[in-house]
2 protein chains.
Amino acid sequence: MANPWTMKMEQFTRFSHEERQMLDRLISERQRQYAPGEDILREGDHSPDCHVVLSGLASRYKLLPNGERQIMAFLVPGDLCDAEIFILKEMDHSVAAMSPARVALISGEQMKELLSGQGRIAQALWWGTLTDLAVLRERVVDHGRRDAYERIAHLLYEMLVRYRMVGMTTDETLEFPITQADLADATGLTPMHVSRMLGKLRDENLISLKNKTLTILDPERLKEIAGFNPNYLHLDRAHDQRDNVADRAGDLV
Amino acid sequence: MANPWTMKMEQFTRFSHEERQMLDRLISERQRQYAPGEDILREGDHSPDCHVVLSGLASRYKLLPNGERQIMAFLVPGDLCDAEIFILKEMDHSVAAMSPARVALISGEQMKELLSGQGRIAQALWWGTLTDLAVLRERVVDHGRRDAYERIAHLLYEMLVRYRMVGMTTDETLEFPITQADLADATGLTPMHVSRMLGKLRDENLISLKNKTLTILDPERLKEIAGFNPNYLHLDRAHDQRDNVADRAGDLV
DNA sequence: CGACGGCTTGAGGTAAGTCAATCCACGTGG
DNA sequence: CCACGTGGATTGACTTACCTCAAGCCGTCG
């Protein structure tokens, strides 16, 4: 079973056996467990290490002067928390675990070597960063031009595709530890309104969500409602021959 | 007078004479002029060249199925349009000129060499991409947690700082070819509401905007209203000794 | 002169927010 | 085993920020 970091990057390119072994070694050297709600990185920090989520769920967020929180992204297994660490002086936002999360620590030095190499790993890391950019752009579209209902539909559908990428689900059911308050902070809505919209999605038999478990009952219609266009995820290999479960992400796009 | 690309990157690091010459040469080899409204890159494109804005203003945008447009970023001189070009298969959004714009073309090959080098230029390019990410995150905060008035204040103040970075203004006055309809598509508001909010900013003697010229009359209060925290721009050298005009961007932050 | 793009202003409508009560699932301790 | 507290979800009545529709203005250009 591949590690999620490798698995994610292999949506972009295929690694050699040696490359896979190297990535496996890197993430197994040092790991740390975080409790739900615990900060992995805090605004203003400068950690010597990069952090890769291996299991659980995390969020990027900012706290505003008035105490409000805006979640800018959810991080699923395989996602890098802080690509910036070896270039920028300090974090401009925080990252917190939303469920029990296992995180691999990779030294800035090792990361730098990976990135400045000529190989596929350097390319895959660039791909990851550029894809993060694209996901964030889509979030801006979400907030600017989709109403609450579409916005939540889009977010849920995107989570499904991203979970697929790293083999965290093979059907339409996924772990979903995100509370409605979190969802509100991510979508720019109030928890009450999120509740109403989720209720509506349930009433329409599009999703089922209970006990931190989300099932997409009607992916096709949900995708339609969300106005979901998968091109921004840049799953270049999505329609390759099926050689592992992660490739099934291609079925959704 | 330094070219804006160099100037922007020197907010992050100081280049050697040779590095500056190299960058100058790269952007002078091939250039192209675009008319207002003309597309520089279109969703689905795969250009062999990277594009750097040298003068004028451009925007990243997406068109939605229903014909609405969402502007995700404004590009000022010194900004790279398409860092993705040598990694991703195709553009997931478009870029258009908003005023007469001069753009330098740099071949993907040359770009790849710059990026995979060990020197300061590679680092500065990474810095640029990571800063784009940070600006986009701030846009999400804007849309999620600031009301129309604060949102527009924030956008205007950010433009002032970014113009400063590349020496496009030394006081509080800048070229502002962005129409209210554009501003509406960038902020997720309607043009009518943008008009009302600009009117309010004018009434409060915070800005003056006519003939495509914007003057920030009261930067201190505008910054306050916007809840502007400059850390996300990562102007690491902002408080260095003042050796060129661009460093005055540091005065605002 | 009229036409047109960009901006402004007003009246009325609606999506989403606010405030507040209630409910439910849980864990914890007496 | 029940009492209780707590975090999360739900529901309802009322408010508001922003939208829609529509008219009118102003400068520019053919």
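Below, read A as the first sequence line, B as the second, and so on, with proteins coming before strands; counting in each chain starts at 1. Since we're looking at a predicted model, the values are computed, not measured. The figures here come from the full heavy-atom set of this structure, side chains too, leaving out hydrogens, waters and symmetry mates.
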Side chain to side chain contact (heavy atoms under 4.5 Å, CB included) between E43(A) and L63(A), intermediate numbers included: CA-CA 9 Å; E43(A) 184 167 347; L63(A) 290 176; 5.8 Å; no

Going by number, which of residues 176-183 of chain A have a non-hydrogen atom under 4.0 Å from DNA chain C?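 Listed by number, there are none.
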
Contact list please: residues 189-217 of chain B against DNA chain C, heavy atoms, distance less than 4.0 Å, in numerical order.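 Within this stretch, M192(B), S195(B), R196(B), R202(B) sit under 4.0 Å of the strand.
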
note: R146(B), atom CZ; dA17(D), atom P; distance rounded to Å ~ 18 Å

Atom pair distance, as rounded to whole Å: CG in D147(A) and C1' in dC18(D): 14 Å

Side-chain contact test, heavy atoms from C-beta onward, threshold under 4.5 Å: evaluate it for W5(B) versus I106(B) and give yes or no.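 Yes; the side chains approach each other to less than 4.5 Å.
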
Taking atom types as modelled, find out whether R146(B) and H154(B) have a side-chain donor-acceptor pair closer than 3.5 angstrom.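 Checked: R146(B)/H154(B) side chains pair up, N/O donor to acceptor below 3.5 Å.
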
Can you tell me if Y232(A) and E158(A) form a side-chain donor-acceptor pair at under 3.5 Å? yes

So G188(A), base contact, sugar-phosphate only, or nothing? Heavy-atom distance under 4.0 Å.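 Since only primed, P, OP1 and OP2 atoms lie under 4.0 Å of G188(A), the category is sugar-phosphate.
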
Is a donor on one side and an acceptor on the other found under 3.5 Å between the side chain of N211(A) and the backbone of T213(A)? no

Inter-residue atom distance D79(B).CG - L57(B).CG, 0.5 Å rounding: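 Between D79(B) CG and L57(B) CG, I get 9.0 Å after rounding to 0.5 Å.
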
To the closest 0.5 Å, what do you measure between CG (L183(A)) and CG (L198(A))?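 Interatomic distance, L183(A) CG to L198(A) CG, rounded to 0.5 Å: 6.0 Å.
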
May I have all residue pairs that pass side chain to side chain donor-acceptor pair (under 3.5 Å) and include part of residues 59-72 of chain A, sequence neighbours excluded? D39(A)-Y61(A), R60(A)-H93(A), K62(A)-E138(B), N66(A)-E68(A), R69(A)-D182(A), R69(A)-D185(A)

